[in-house]
Amino acid sequence: MIFMIDKLKLQIREDLEKSLSAKYNQPINVVVEEPKTSGLGDISIPVFSIVKTVRKQLNEVVEDVINALEYSSAFNLIKAVTRVGGFINITLDRLGFSKAVIKENQSASFGQLDIGENKTIVIDYSSPNIAKPFSVGHLRSTIIGHAIGNILEKLGYNVVRINHLGDFGTQFGKIIYSYLNFGDKAKVDKNPIEELVKLYVEFHEIAKEKPEIEDKAREIFKELEQGNPEYQKLWSHFREVSLSEYMKVYEMLNVRFDSYDGEAFYNDKMQAVVEELTEKSLLVKDEGAMIVDLGEDMPPALIQKTDGSTLYITRDLAALFYRKKTYDFDEVLYVVGNEQKLHFEQLKSVVKKMGYDFYENIHHINFGLVLQDGKKMSTRKGKIVKLEDVLMEATNLSLEYINEKNPDLANKAVIAQKIGVSAIIFNDLKNYRTNDVEFNLEDMVNFVGQTGPYLQYTSVRISSVLEENSFNCENIDYHLFTSDHSFELIKTIAQYQEILIKAKSEYSPSVLAKYLLSLASYFNSFYAKEKIVVDDVLERNTKLCLISIIRNILDEGMNLLGMQVIRKM
RNA sequence: GACUCGGUAGCUCAGCAGGAUAGAGCAACGGCCUUCUAAGCCGUCGGUCGGGGGUUCGAAUCCCUUCCGAGUCGCCA
């Protein structure tokens with residue numbers, strides 16, 4: 001059974017390649033695509049490359065391809081074949097195609113994709129640093145990681161979501177020192193992250209005058225590592241209060257994790273890595289530190305500092321092996337910014353050198369930096385934009401819109417927040433993830449055009465029609481789907497599954513986001529042209545069925561992206 | 001300096017296993033609410049695809065070169 005347009009294209013391609021290869025007695029590659037300009041049909045086949053391989057006249061090849069098409073198993077869904085120069089344009093049988101799409105959509109198996117069955121993917125995202133504010137960069141990681149995780153689950157993968165908290169390192173020595181010497185317990189309890197950051201900043205100011213406190217901090221950290229109960233208690237307290245603040249953000253974004261094991265969790269698992277590297281003779285002493293030489297292409301990986309303490313990559317290696325052992329993953333994804341590209345290349349390279357094949361399944365899902373005035377945002381420069389403020393701003397603005405457009409709406413505050421938060425999520429996901437983004441509040445809370453609210457609004461429009469009218473998808477007049485604006489919708493619906501697969505293969509939610517925009521756009525055009533609740537029972541039922549399918553896809557798609565679906569706005 | 005990523009309409013971006021007149025949204029301008037939510041729809045305006053070479057029937061897409069921006073480059077994470 002062929003229904004999806006991409007499957008149809010694939011089928012035509014396979015059939016043509018088979019019969020043409022036989023005819024010309026050599027392997028033939030056939031390109032099957034969708035015409036970029038409208039009015040030329042639904043599917044097109046440029047034959048130039050075939051002409052080149054077989055060294056025959058263009059006309060002759062065109063003839064051969066058209067003849068071969070008739071023997072394709074997809075031919076029953078083809079209505080017309082025309083030729084424009086070196087292009088063969090295929091027009092689909094709209095009636096037959098619509099029927100296939102709607103039937104497929106109604107079947108129980110719709111959307112149940114199983115390409116990820118029995119496969120496990122570990123995905124590491126969000127990972128904020130304890131005692132530091134939740135940055136806009138971590139917001140990107142959180143949003144992108146969450147959406148990719150959802151898409152993977154939709155495709156049938158077993159997904160393990162890990163929040164690899166930055167809860168370890170010399171900075172804890174500094175914070176503990178500051179807290180003990182000039183901290184205020186009450187203040188910290190009341191406003192943990194803000195106060196801890198203040199203490200951290202204060203530490204650095206004092207360290208300018210009295211550099212010896214740096215040694216104190218290192219000492220405290222060393223004792224913390226070795227299990228000093230007082231320091232451990234403080235560390236664990238700071239971790240807890242920070243995490244509970246992050247949880248508020250996660251709750252607002254509707255994000256969950258399977259594990260919050262951060263860097264500290266791997267503290268006792270690093271020695272084994274160092275030992276294994278030593279056993280495999282990969283560790284070399286260089287300028288007092290222990291490194292793994294990675295050849296000409298890459299700078300070496302620093303595994304152990306001169307003073308014997310370990311580094312980021314050592315911890316990541318320990319975490320990686322732990323995850324492999326614990327989850328036996330097929331792939332592991334790290335949703336971490338562009339600036340750590342080299343780090344992950346080194347990580348893969350070290351794993352490869354250690355002789356493990358699974359280095360190929362380690363993917364750095366990099367994303368662009370959040371820039372301010374064209375430069376990387378820096379905590380040190382104190383230009384911290386508080387995430388809560390951004391979410392608040394978006395919520396307030398959407399409330400203003402509601403008051404203007406629909407002042408009698410019930411639950412305004414709740415809906416305003418759902419719109420505001422979703423606007424920010426969508427704004428991040430609609431563009432390809434590796435693009436850098438300039439921090440711009442106005443863009444983030446834009447509600448007009450290619451935005452989150454546009455999708456929500458489209459779904460709400462459909463809901464308000466469906467709410468008042470019952471329908472069934474058994475009794476359909478497929479002829480109604482043959483108009484241009486209806487058939488665009490049918491073709492777009494038919495692309496949904498392929499879009500999910502593409503979003504997975506590129507690890508980019510933007511593929512889905514762009515698709516939802518185009519579906520919504522086609523619907524809104526349709527909505528402007530056609531009255532849905534008409535007197536004719538069959539026509540009304542047919543249209544209601546169609547728009548309900550559209551709403552299902554919009555809603556599911558929005559959920560996959562991490563947005564909130566609403567019924568009224 | 002080396003390496004990586006990017007440069008497409010005034011702005012934000014699609015398109016990039018080479019294919020037919022380079023597409024959206026925003027902004028600007030002009031239409032469309034006595035009919036299912038106008039956060040919408042329709043139209044107009046807007047481009048030497050950073051510059052220069054090359055590969056070929058054909059280049060935004062591939063190669064080289066050059067300019068511009070960002071990021072990274074052993075003891076932070």
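Below, chain A is the first sequence line, B the second, and so on; all start at residue 1. What you are looking at is a predicted structure, and each value in this text was computed from that prediction instead of being measured.
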S.K.: Of all of residues 506-517 of chain A, which get a heavy atom below 4.0 angstrom from RNA chain B, listed by number?
M.R.: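 When residues 506-517 of chain A is checked for heavy atoms under 4.0 Å from RNA chain B, the hits, listed by number, are A:Lys514.
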S.K.: Specify the separation, in whole Å, of atom CD of A:Gln171 and atom C1' of B:A77.
M.R.: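 To the nearest whole Å, that distance equals 8 Å.
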S.K.: Within this structure, what is the CG-to-P distance between A:Asn431 and B:A24, rounded to whole angstrom?
M.R.: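 The answer, rounded to whole Å, is 17 Å.
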S.K.: Map A:Arg13 and A:Asn129 onto RNA chain B by nearest heavy atom, then report which one ends up closer to the 5' terminus.
M.R.: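 Its nearest nucleotide being more 5', the pick is A:Arg13.
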S.K.: Generate the contact string for nucleotides 2-9 of chain B. Rules: B means base contact, S means sugar-phosphate contact only, - means no protein heavy atom under 4.0 Å.
M.R.: --S-----
S.K.: Would A:Arg540 and A:Asp535 pass as an ion pair if we require N to O under 4.0 Å?
M.R.: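 No, no charged N to carboxylate O under 4.0 Å.
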S.K.: Would you say A:Arg433 and A:Asn338 are linked by a side-chain donor-acceptor pair, where the criterion is simply a distance under 3.5 Å?
M.R.: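 Not at all, the side chains of A:Asn338 and A:Arg433 share no donor-acceptor pair under 3.5 Å.
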S.K.: Is it true that A:Glu530 and A:Lys543 make a salt bridge, defined as a side-chain N closer than 4.0 Å to a carboxylate O?
M.R.: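 So A:Glu530 pairs with A:Lys543 through a salt bridge.
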S.K.: Determine whether the side chains of A:His164 and A:Arg323 contain a donor N or O and an acceptor N or O closer than 3.5 Å.
M.R.: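 A donor-acceptor contact under 3.5 Å links the two side chains.
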S.K.: Does A:Asp167 make a side-chain donor-acceptor contact with the base of B:A77, cut-off 3.5 Å?
M.R.: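 Per atom types, no contact qualifies.
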S.K.: Paired with B:C13 by Watson-Crick or G-U wobble geometry, both distances under 3.5 Å: which nucleotide is it?
M.R.: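 Pairing partner: B:G23.
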S.K.: What is the ring orientation for A:Tyr200 with A:His204, classed by angle as parallel under 30°, tilted 30 to 60°, or perpendicular over 60°?
M.R.: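 Rings of A:Tyr200 and A:His204: perpendicular, over 60°.
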S.K.: Donor-acceptor pairs under 3.5 Å, side chain of residues 498-507 of chain A to any protein atom, not counting sequence neighbours: which ones?
M.R.:
from	atom 1	to	atom 2	distance (Å)
A:Lys504	NZ	A:Glu331	OE2	3.1
A:Ser505	OG	A:Lys502	O	3.1
A:Tyr507	OH	A:Glu331	OE1	2.3

S.K.: Distance check needed: B:G74 C1' versus A:Leu302 CG, whole Å only.
M.R.: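 Going from CG in A:Leu302 over to C1' in B:G74 covers 4 Å.
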S.K.: What about A:Tyr312 and A:His343, are their ring centers closer than 6.0 Å?
M.R.: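 For A:Tyr312 and A:His343, the ring centres are under 6.0 Å apart.
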S.K.: At a heavy-atom distance below 4.0 Å, what parts of residues 282-296 of chain A sit against RNA chain B?
M.R.: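 When residues 282-296 of chain A is checked for heavy atoms under 4.0 Å from RNA chain B, the hits, listed by number, are A:Asp286, A:Glu287, A:Ala289, A:Ile291.
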S.K.: Would A:Lys269 count as a cation-pi partner of A:Phe265, with NZ or CZ less than 6.0 Å from the six-membered ring centre and within 45° of the ring normal?
M.R.: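 Yes, A:Lys269 sits over the ring of A:Phe265.
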S.K.: Just to be sure I understand the geometry, which residues of residues 537-546 of chain A put a non-hydrogen atom under 4.0 Å away from RNA chain B?
M.R.: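 Correct list: empty, so none.
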S.K.: Provide the full list of ring pair (Phe, Tyr, Trp, His ring centres under 6.0 Å) pairs with a residue in residues 408-433 of chain A, sequence neighbours left out, each pair given once.
M.R.: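 Of all non-adjacent pairs touching residues 408-433 of chain A, none passes ring pair (Phe, Tyr, Trp, His ring centres under 6.0 Å).
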S.K.: Roughly, in whole Å, what's the span from CG in A:Asn29 to P in B:A17?
M.R.: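 Rounding to the nearest Å, CG of A:Asn29 and P of B:A17 are 15 Å apart.
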S.K.: Identify the nucleotide, in any strand shown, that forms a Watson-Crick or G-U wobble pair with B:G18, with both distances under 3.5 Å; if there is none, say none.
M.R.: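 Base partner found: none.
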S.K.: Verify the ring-centre separation between A:Phe168 and A:Tyr266: is it less than 6.0 angstrom?
M.R.: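 No, the ring centres sit 6.0 Å or more apart.
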S.K.: Watson-Crick or G-U wobble partner for B:G40, using a 3.5 Å limit on both distances?
M.R.: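 Per the H-bond distance test, B:C32.
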S.K.: Can you check the distance between B:G15 and B:C32, where both ends of the measurement are the C1' atom (answer in whole Å)?
M.R.: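 Per the computed distance, 31 Å lies between those C1' atoms.
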S.K.: In the 5'-to-3' direction, what one-character label does each nucleotide of nucleotides 31-39 of chain B receive under the scheme B = base within less than 4.0 Å of a protein heavy atom, S = sugar-phosphate only, - = no such atom?
M.R.: ----BBBSB
S.K.: For atom P, what is the distance between B:G51 and B:U34, given to the nearest Å?
M.R.: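 49 Å, rounded to whole Å.
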S.K.: With A:Lys216 as the cation and A:Tyr177 as the aromatic partner, state whether NZ or CZ is under 6.0 Å from the six-membered ring centre and within 45° of the axis.
M.R.: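 Negative - A:Lys216 is either too far from the ring of A:Tyr177 or too far off its axis.
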S.K.: Give me the residues of residues 42-61 of chain A where at least one heavy atom lies under 4.0 Å from an atom of RNA chain B, by number, or none.
M.R.: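 When residues 42-61 of chain A is checked for heavy atoms under 4.0 Å from RNA chain B, the hits, listed by number, are A:Ser44, A:Phe48, A:Ser49.
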S.K.: Pairs of donor and acceptor atoms involving the side chains of residues 291-305 of chain A, under 3.5 Å and at least two apart or interchain, shall be tabulated with distances.
M.R.:
from	atom 1	to	atom 2	distance (Å)
A:Gln304	NE2	A:Gly308	O	3.2

S.K.: With both distances kept under 3.5 Å, what pairs with B:G1, Watson-Crick or G-U wobble?
M.R.: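 By the stated definition (distances under 3.5 Å), B:C73 pairs with B:G1.
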S.K.: Which is true for A:Gln340 with a 4.0 Å heavy-atom rule: it touches a base, it touches only sugar-phosphate, or it touches nothing?
M.R.: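 Since a base atom lies under 4.0 Å of A:Gln340, the category is base.
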S.K.: Using atom C1' of each nucleotide, how far apart are B:G50 and B:U61 to the nearest Å?
M.R.: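 Nearest-Å result for B:G50 against B:U61 at atom C1': 16 Å.
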S.K.: Apply side chain to side chain contact (heavy atoms under 4.5 Å, CB included) to the pair A:Ile176 and A:Lys174, showing each step before the final yes or no.
M.R.: CA-CA 6 Å; A:Ile176 291 171; A:Lys174 295 176 183 173; over 6 Å; no
S.K.: Please tabulate, one pair per line, all N/O donor-acceptor pairs under 3.5 Å involving side-chain atoms of residues 47-57 of chain A, not counting sequence neighbours.
M.R.:
from	atom 1	to	atom 2	distance (Å)
A:Thr53	OG1	A:Ser49	O	2.8
A:Thr53	OG1	A:Ile50	O	3.1

S.K.: If you measure from the C1' atom in B:A60 to the same atom in B:A14, how many Å do you get, rounded?
M.R.: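 Approximately 12 Å lies between the C1' atom of B:A60 and that of B:A14.
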S.K.: In whole Å, what is the span from the CG atom of A:Leu10 to the P atom of B:A17?
M.R.: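 Distance check: A:Leu10 CG to B:A17 P gives 17 Å.
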S.K.: With syn defined as a glycosidic angle within 90° of 0 and anti as the rest, where does B:C62 land?
M.R.: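 B:C62: anti glycosidic orientation.
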S.K.: Do the ring centers of A:Phe134 and A:Tyr246 come within less than 6.0 Å of each other?
M.R.: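 Yes: the rings meet the under 6.0 Å criterion.
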S.K.: Nearest whole Å is fine: how far is B:C41 C1' from A:Glu488 CD?
M.R.: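 For the pair A:Glu488 CD and B:C41 C1', the rounded distance is 16 Å.
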S.K.: For B:A28 and B:G69, measure between their C1' atoms and round to the nearest Å.
M.R.: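 Their C1' atoms lie roughly 29 Å apart.
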S.K.: Side chains of A:Asn446 and A:Thr451: any donor to acceptor distance under 3.5 Å?
M.R.: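 Side-chain D/A pair, A:Thr451 to A:Asn446: absent.
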S.K.: Have A:Asn524 and A:Arg461 got a donor and an acceptor in their side chains that come within less than 3.5 Å?
M.R.: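 Yes, because at least one side-chain N or O of A:Asn524 sits under 3.5 Å from a partner of the opposite role on A:Arg461.
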S.K.: Taking the P atom in each of B:U12 and B:A17, what is the distance between them to the nearest angstrom?
M.R.: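 Per the computed distance, 24 Å lies between those P atoms.
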S.K.: Ion pair present between A:Glu467 and A:Arg567, side-chain N to carboxylate O less than 4.0 angstrom?
M.R.: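 Answer for the salt bridge query: no.
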S.K.: Determine the minimum heavy-atom distance between A:Ile45 and A:Ile12, stating which atoms define it.
M.R.: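 Taking every non-hydrogen atom into account, CD1-CG2, 4.2 Å.
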S.K.: Quick one: list whatever passes side chain to side chain donor-acceptor pair (under 3.5 Å) with A:Gln417, sequence neighbours left out.
M.R.: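 Applying side chain to side chain donor-acceptor pair (under 3.5 Å) to A:Gln417 gives none.
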S.K.: Is there a donor in the side chain of A:His364 and an acceptor in the side chain of A:Glu345, or the other way round, less than 3.5 Å apart?
M.R.: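 Their side chains do not contain a donor-acceptor pair, so the 3.5 Å distance test is not met.
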S.K.: Considering only atom P, compute the distance from B:C41 to B:G25 and round it to an integer number of Å.
M.R.: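 Straight-line distance between the two P atoms is 8 Å.
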S.K.: Rounding to a whole Å, what distance do you find between A:Tyr432:OH and B:C16:P?
M.R.: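 Whole-Å distance recorded here is 12 Å.
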S.K.: Determine, answering yes or no, if A:Phe87 is stacked on B:G19 under the 5.5 Å centre rule and the 30° plane rule.
M.R.: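 Aromatic stack with B:G19 absent for A:Phe87.
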S.K.: For the residue pair A:Asn403 and A:Lys412, confirm or rule out a side-chain donor-acceptor distance under 3.5 Å.
M.R.: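 A donor-acceptor contact under 3.5 Å links the two side chains.
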S.K.: For the pair made of CG in A:Leu311 and C1' in B:A77, what is the distance, rounded to whole Å?
M.R.: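 From A:Leu311 CG to B:A77 C1': 9 Å.
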S.K.: Applying a 4.0 Å non-hydrogen cut-off, can you work out what A:Asp408 is touching in the nucleic acid: base, sugar-phosphate, or nothing?
M.R.: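 Contact class for A:Asp408: none.
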S.K.: Taking atom types as modelled and ignoring hydrogens, do the side chains of A:Ser521 and A:Ser518 form a donor-acceptor contact shorter than 3.5 angstrom?
M.R.: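 No - no donor-acceptor pair under 3.5 Å links their side chains.
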S.K.: Hey, what are the protein-to-nucleotides 67-70 of chain B N/O distances that come in under 3.5 Å?
M.R.:
from	atom 1	to	atom 2	distance (Å)
B:A70	OP1	A:Lys375	NZ	2.5

S.K.: Rounded to whole angstrom, note down the C1' distance from B:U72 over to B:C29.
M.R.: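 Per the computed distance, 46 Å lies between those C1' atoms.
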